[in-house]
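All remarks here apply to the structure that follows.
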Amino acid sequence: MALLTVDGPFDLAATLKSGQAFRWRRLESESDDPPWFESVAFERLIYLRQSNDGVEFSTTPDSDPDIASLLRDYLRLDEGISAIYEALAFDEQVAQGIARYPGLRIVRQDPWECLASFICSANNNIRRITKNVEDMASELGSPIAGHAAERRSFPTATQLATAGEGVLRDLGLGFRAKYLVATAERVAGSEFDLFALRLAPYQDALDALTELPGVGDKIANCVLLFSLDKPEAFPVDVWIDRALREQHFSTPTTPMPRSHMRPWAQERFGRHAGYANQYLFHSRRLG
DNA sequence: AGCCAGGCCCTCC
DNA sequence: GGAGGGCCTGGC
């Protein structure tokens, strides 16, 4: 076991269970200690637990000496969260969210797993998205070295494309199956470089993503925010729609259509729009 | 029974 | 460009 030191507010449970990533499980704790969270990443089983000093972690297998830096990176532990909070404090609704959930952070996931997971999110609920993602891993992913009977890595684009629509439909993915396969084929091919979008400007990356089947503006912005280093991304879903409508567009005779909300919010919140989004979403959803 | 769930796509206008 | 309907599935 080892420790990741954290600077500034950090809430592991809120961060891992806020609908950004879908493979974190809260394990039953035997005592009053904080619970462990388990996931599969970096071809390993990953365990994280909040402690007074930061985040404890262990992985299996544990042979990689760089795993600590990978986890720091995943959890964005070196992000200057306090400065972001200060920059967003002008908005009353966001400020209330920050006060209620200090330390809720935006993670930095693997882009492919993030993209495939959010394709599953269309017209779906978080509970079922979680099941869909886990079922794809169990059925199509690769086992962890030394842990053949346990959870598997999320399938690569090639693994998903090879499986085909029928297999995914049988797994219960519904109409998303054809989108998953078609997008997996594009990502597995040589023309579309998903990882390279981390270095592309926001608008270029957005345009590229929305060319993919099953990926519209909302899902693209989720992928940009949670995996492609675009902190200005602002996914507008039903919860954000409600939150903004209630706060800012409740009275006008012509209510703002959803398509206008993202530009409006990005103008308002600027380069930290993604954090504003996460707080509006989390606060409104948990009520 | 009918509606909703962190949408997207297609068709019409 | 935008409004309307269909879509897999599961839970209430």
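The analysis underlying the following values was restricted to heavy atoms, covering all of them including side chains, and did not include hydrogens, waters or symmetry mates. Worth saying up front: this structure is predicted, and the values here are computed from it rather than measured. Each chain gets a letter, A, B and so on, in the order the sequences are listed, and its residues count up from 1.
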| task | Give a yes-or-no answer on whether the side chains of A:S51 and A:D53 include a donor-acceptor pair shorter than 3.5 Å. | result | no
Are side-chain N/O atoms of A:Y202 and A:Q266 paired as donor and acceptor at under 3.5 Å? yes
Distance, [atom1] atom - from [M] to [N], rounded to whole angstrom:
N: B:dC9; M: C:dG10; atom1: P; answer: 23 Å
N: C:dG6; M: B:dG6; atom1: P; answer: 22 Å
N: B:dT11; M: C:dC8; atom1: P; answer: 15 Å

Ranking A:L212 and A:K218 by the position along DNA chain B of their nearest nucleotide, the one closer to 5' is A:K218
For A:E150, I'd like to know if atom CD has over 12 heavy atoms of other residues, nucleotides or ligands within 6.0 Å. yes
message: For A:D7, is the CG atom crowded, meaning more than 12 foreign heavy atoms sit under 6.0 Å from it?
response: no
In the 5' to 3' direction, the nucleotides of DNA chain B bounding the stretch that comes under 4.0 Å of a heavy atom in chain A are B:dA5 to B:dC9
Under 4.0 Å, heavy atoms only, any strand: does [X] hit a base, just the sugar-phosphate, or nothing?
X: A:P213; result: sugar-phosphate
X: A:F226; result: base
X: A:I126; result: base
X: A:R176; result: base
X: A:F118; result: base
X: A:R242; result: sugar-phosphate

Here DNA chain B, pairs taken as Watson-Crick or G-U under 3.5 Å and shown with ( ), [ ] when crossing and | when to another strand, reads .||||.|||||||
Side chain to side chain donor-acceptor pair (under 3.5 Å) partners for A:E134, two or more places apart
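Once residues adjacent in sequence are excluded, the partners of A:E134 under the side chain to side chain donor-acceptor pair (under 3.5 Å) criterion are A:R23, A:R151.
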Quiz item: Under 6.0 Å between ring centres, would you say that holds for A:F57 and A:Y74?
Solution: no
A:M261 CE to C:dG1 C1', in whole Å, measures 17 Å
